[in-house]
There are 2 protein chains.
Amino acid sequence: MTETAATGRALPHPDREHIRLESVLHALSDPLRLQIVRELAAREAELTCSQFDLPVTKSTSTHHFRVLRESGVVRQVYRGTAKMNGLRRDDLESLFPGLLDSVLAAADRQAARLGDAARVPAGG
Amino acid sequence: MTETAATGRALPHPDREHIRLESVLHALSDPLRLQIVRELAAREAELTCSQFDLPVTKSTSTHHFRVLRESGVVRQVYRGTAKMNGLRRDDLESLFPGLLDSVLAAADRQAARLGDAARVPAGG
DNA sequence: GGACTTCTTCGATGACCATCGTACGAGATC
DNA sequence: GATCTCGTACGATGGTCATCGAAGAAGTCC
């Protein structure tokens, strides 16, 4: 099958009302995690952890995804052996209107300004 | 005199183009620092360090103000023995349009939601 | 000049964090 | 069931960070 596993392992997520601004800002203040969120936003789709080309080992990668999940920025769901990551846009928008978009726009701007372009903007 | 000292001690600030989004987010991700920024924004004026009622010692306070200054969030200027703190609204707005306001609005919203009200919103 | 106020600097401390490597667990495929 | 892929868990490590207390520097006021 193709939709077997999502049932097996469940991951702990904070409820919408437990998401804290400080935690979200902290999650986004790491370059790697900000990068992850930017790609997630740019693709507007759920992505597996391994689809991100991160310059760190898998352990470290797991760590960063967990920080993003525990802060309420992303939602993670198992699909077979893969773990799908999706931005919690609705929850964030409801709690902090405009915040995520401001941060994403700021990140795009800064990337363009610093020449880090060719990463997310166009969509690869 | 009343405007003697501003000349004496100068404090290092990042130029506008050296302000990094990640550093700003990191600076804002600490509850105490976010509190400082909220008060600064609410009062729309420069405030001395001691006008903030922070539940920490002066050393710690100095530390937090320095993080805010070095990340480019606030501008600090000596005025006699006091140190005036002002939000770098223009610089931040120019670099990251809408970001600061989103964060401030998010902070107000969260404070209201969590019952931390009576702090900044009304202005005392 | 002496006392007072305001903030700084230094050293220490305990917490947290980003990183790694290795070993393991859960599904998928054959 | 063997094997492969994807991600987790654990332990270690080096770095940063928030915090404090005590001593000091800069300015103001009498």
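All values below were derived from every heavy atom in this structure, side-chain atoms included, with hydrogens, water molecules and symmetry-related copies excluded. In what follows, chains carry the letters A, B, and so on, assigned in the order in which the sequence lines appear, proteins first and then strands, with residues in each chain numbered from 1.
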message: Distance check needed: C/dC7 P versus B/Phe65 CZ, whole Å only.
response: 8 Å

query: Just how far, in rounded Å, is C1' of D/dA9 from CD of A/Glu70?
result: 14 Å

- request: Take the protein atom NZ of A/Lys58 and the nucleotide atom C1' of C/dA26, then report the distance between them rounded to whole Å.
  value: 13 Å

statement: Between CD of A/Gln51 and P of D/dT5 the distance, given in whole Å, is 16 Å

- prompt: Ignoring hydrogens and angles, does a donor from either the side chain of B/Thr57 or the base of D/dG21 sit under 3.5 Å from an acceptor on the other?
  reply: no

task: Quickly work out the B/Met84 CE to D/dA26 P distance and round it to whole Å.
output: 21 Å

message: Measuring from the side chain of A/His26 (C-beta onward, heavy atoms only), which nucleotide among C/dT22, C/dC17, D/dA18 has the closest atom?
response: C/dC17

- prompt: Is A/Leu87 close to A/Val73 at the side-chain level, that is, under 4.5 Å between some pair of heavy atoms?
  reply: yes

query: Over how many whole Å does the gap from A/His63 atom NE2 to D/dA9 atom C1' extend?
result: 14 Å

message: Which residues pass the salt bridge (charged side-chain N to carboxylate O under 4.0 Å, His left out) test with B/Asp91, not counting sequence neighbours?
response: B/Arg16, B/Arg75, B/Arg88

- prompt: Taking the side chain of A/Thr81 as its heavy atoms from C-beta onward, which of C/dA28, D/dT19, C/dC17 lies nearest to it?
  reply: C/dA28

- line: Between CG of A/Leu34 and C1' of C/dA18 the distance, given in whole Å, is 16 Å

query: A/Ile36 versus A/Leu47: any side-chain heavy-atom pair under 4.5 Å?
result: no

query: Hey, are the side chains of B/Gln76 and B/Leu68 touching, using non-hydrogen atoms and a 4.5 Å cut-off?
result: no

message: Tell me whether the side-chain N/O atoms of A/Arg33 come closer than 4.0 Å to OP1 or OP2 in C/dA18.
response: yes

query: Do any side-chain nitrogens or oxygens of A/Ser50 fall under 4.0 Å of OP1 or OP2 in D/dG7?
result: yes

- request: Go through C/dC7, D/dG7, D/dG21 for me and flag the one nearest to the B/Ala82 side chain.
  value: C/dC7

field: Contact under 4.0 Å: B/Tyr78 side-chain N or O vs C/dT6 OP1/OP2
entry: no

query: Between atom CG in B/Leu68 and atom C1' in D/dC17, what is the gap in whole Å?
result: 14 Å

- prompt: Would you say a side-chain N or O of B/His64 is under 4.0 Å from OP1 or OP2 of D/dC17?
  reply: no

message: Within the 3.5 Å criterion, strictly below it, is a donor on A/Glu39 or A/Gln51 matched to an acceptor on the partner's side chain?
response: no

- prompt: Base, sugar-phosphate, or nothing: which does B/Thr62 touch, judged by heavy atoms less than 4.0 Å apart?
  reply: base

query: From the list C/dA18, C/dT6, C/dC7, which nucleotide is the closest neighbour of the side chain of B/Thr48?
result: C/dC7

query: Between C/dC7, C/dA18, D/dA18, which nucleotide gets closest to the side-chain atoms of A/Thr60?
result: C/dA18

